[in-house]
Protein chains: 2
Amino acid sequence: MTSQVTDSLAFLLSKLGQATAERFAERLAPLGLRPRHCAVLQLLEGAPLGQLALARTIGVTPSVVVDMLDELEGVGAVRRTRDTADRRRQLVELTDEGRELSLSAARAAAQVDAELLSGLAPDQRSALRRALTAIATAQDLLPRG
Amino acid sequence: MTSQVTDSLAFLLSKLGQATAERFAERLAPLGLRPRHCAVLQLLEGAPLGQLALARTIGVTPSVVVDMLDELEGVGAVRRTRDTADRRRQLVELTDEGRELSLSAARAAAQVDAELLSGLAPDQRSALRRALTAIATAQDLLPRG
DNA sequence: CCATATGATTAGGTTGCCGAATCATATGGG
DNA sequence: CCCATATGATTCGGCAACCTAATCATATGG
């Protein structure tokens, strides 16, 4: 009856989160993408953005954005163009290829979801999603309110 | 209505898992511990183990175990002793200090749990735990069957 | 028109993991 | 008995994903 760390939700969530990330990464690999690219692709589906705005929104430093964009340019998903109004600025926009990749990534994610949820009853699934969303919201983890 | 990666459970779980791990790490820091040490401490609460057995059970490579044990020895939580029956083997056992640290770690984890769950109703909490445990079991992530 | 701020980039460091190579010890077959 | 091979621990080098600080180009306000 001693309470154990591995019984905690914190431990369970950490492990499960890591395992899920790995699985998702495997699914994305054939597309030439990695999990961290997904938030970028999705953000750019709206309008083109500067790199600093991108960095702040997804919560990494500007230098990380440089790397990620180098990679995304490498697979032809995004295009950097100097902002003519402010020539310091790189406007990053999605290519058609990028839009397709973003869709494929969403499909990959959905596949992982299906695998994760396969053992759960429908009401369990929705309860899980609601609970996790509530927690993530409370912890201020979600990109768009 | 377009399905988005960030709407997926996979993405949510990855993010939440990482955030939770960071939070847990902050709680453990004053103890001189990190999340990855916890599984080791807990495993050793049973009987002393060799490092290879440790590695296999927690799912990391032997070289990682070496590092972790160096750290745990550094805070006085474990002791390595050559197995007299097989002198290649290091028998790793918990010290009294280690037992106390393990308890403190469990308390830290419980605190994080409380924070995570604070916004949820009791029935939501148990539903969440059941769902996560079911998934983790299905994915073969739990140390002890 | 110069001081200062801002956007992107580069360089270098840290953490946590991995695989391959190394070293000591054990064990079984000739 | 002794050597080939296996096993346990360790070391070393590498990789991924982040960070900070320094640098460079361009803007902007006094």
Side-chain angles (χ1 to χ4, degrees), chain A residues 11 14-15 17-26 28-29 32-40 44 48-75 78-93 141, chain B residues 11 14-15 17-26 28-29 32-40 43-44 48-74 78-93 141:
Chain A
F11 198 86
S14 305
K15 278 274 179 258
Q18 193 183 335
T20 304
E22 275 166 29
R23 217 168 234 247
F24 186 34
E26 282 167 24
L28 286 179
L33 293 179
R34 276 170 303 140
R36 63 177 188 158
H37 297 132
C38 290
V40 176
L44 293 175
L49 283 174
Q51 298 187 192
L52 211 53
L54 223 42
R56 280 194 273 255
T57 310
I58 65 182
V60 295
T61 58
S63 57
V64 172
V65 171
V66 172
D67 288 344
M68 291 197 296
L69 290 181
D70 286 350
E71 290 158 359
L72 284 171
E73 261 188 340
V75 296
V78 304
R79 192 170 22 233
R80 282 190 257 218
T81 52
R82 281 283 159 199
D83 185 346
T84 50
D86 180 347
R87 298 191 29 73
R88 290 170 302 183
R89 215 170 161 138
Q90 298 271 35
L91 277 185
V92 186
E93 62 181 338
L141 285 177
Chain B
F11 199 85
S14 306
K15 279 274 179 256
Q18 193 184 333
T20 304
E22 275 166 29
R23 217 169 234 246
F24 186 32
E26 281 167 24
L28 286 178
L33 293 178
R34 278 175 298 139
R36 61 178 189 157
H37 297 132
C38 291
V40 175
L43 265 175
L44 293 175
L49 284 173
Q51 299 187 190
L52 212 52
L54 224 42
R56 277 193 276 256
T57 311
I58 65 182
V60 295
T61 57
S63 55
V64 173
V65 172
V66 171
D67 289 344
M68 291 197 297
L69 290 181
D70 287 349
E71 290 158 359
L72 284 171
E73 262 188 340
V78 304
R79 192 169 25 232
R80 281 190 258 216
T81 53
R82 282 280 159 202
D83 185 346
T84 51
D86 180 348
R87 299 190 28 73
R88 290 170 302 183
R89 215 167 158 139
Q90 298 270 35
L91 277 185
V92 186
E93 63 182 338
L141 286 178

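Worth saying up front: this structure is predicted, and the values here are computed from it rather than measured. These values consider heavy atoms only, across backbone and side chains, with no hydrogens, waters or symmetry-generated copies. Chain letters run A, B, ... following the sequence lines, proteins first, then strands; residues in each count from 1.
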(Q) Check the phosphate of D:dT7 against B:Gln51, side-chain N and O only, distance under 4.0 Å to OP1 or OP2. Yes or no? (A) no
Q: Classify the side chain of A:Ser63 and the base of D:dT20 as holding, or not holding, a donor-acceptor pair under 3.5 Å.
A: yes
Q | D:dG30 pairs with, by Watson-Crick or G-U criteria that keep both distances under 3.5 Å | A | C:dC1
Q) Quick check: does any side chain N or O of A:Arg82 sit under 3.5 Å from a backbone N or O of A:Arg88, one acting as donor and the other as acceptor? A) yes
Q: Could you give me the CA-CA distance, side-chain angles and deciding distance for B:Leu28 and B:Arg36, then say whether side chain to side chain contact (heavy atoms under 4.5 Å, CB included) is met?
A: CA-CA 10 Å; B:Leu28 286 178; B:Arg36 61 178 189 157; over 6 Å; no
Q: Give a yes or no answer on whether the side chain of A:Arg79 reaches the backbone of A:Glu93 with a donor-acceptor pair at less than 3.5 Å.
A: no
Q) A:Leu49 or A:Gln18: which one's nearest nucleotide on DNA chain C is closer to the 5' end? A) A:Leu49
Q. Of all the nucleotides listed (C:dA8, C:dG7, D:dT10), which has the minimum atom distance to the side chain of A:Arg88?
A. C:dG7
(Q) If you only use heavy atoms from C-beta on, which nucleotide in D:dC19, C:dT25, C:dA8 is closest to the side chain of B:Arg87? (A) C:dT25
Q: Tell which nucleotide pairs with D:dG13, taking only Watson-Crick or G-U wobble pairs whose two distances are both under 3.5 angstrom.
A: C:dC18
Q. Are any of A:Arg80's side-chain N or O atoms less than 4.0 Å away from OP1 or OP2 of C:dT9?
A. yes
Q) Nearest to the side chain of B:Pro62 - D:dA25, D:dT10, D:dT20? A) D:dT10
Q: Report the nucleotide, chosen from D:dT11, D:dG8, C:dG7, that has the shortest atom-to-atom distance to any side-chain atom of B:Arg56.
A: D:dG8
Q: Please determine, for the side chain of B:Val64, which listed nucleotide (D:dC19, C:dG7, C:dC17) has the closest atom?
A: C:dC17
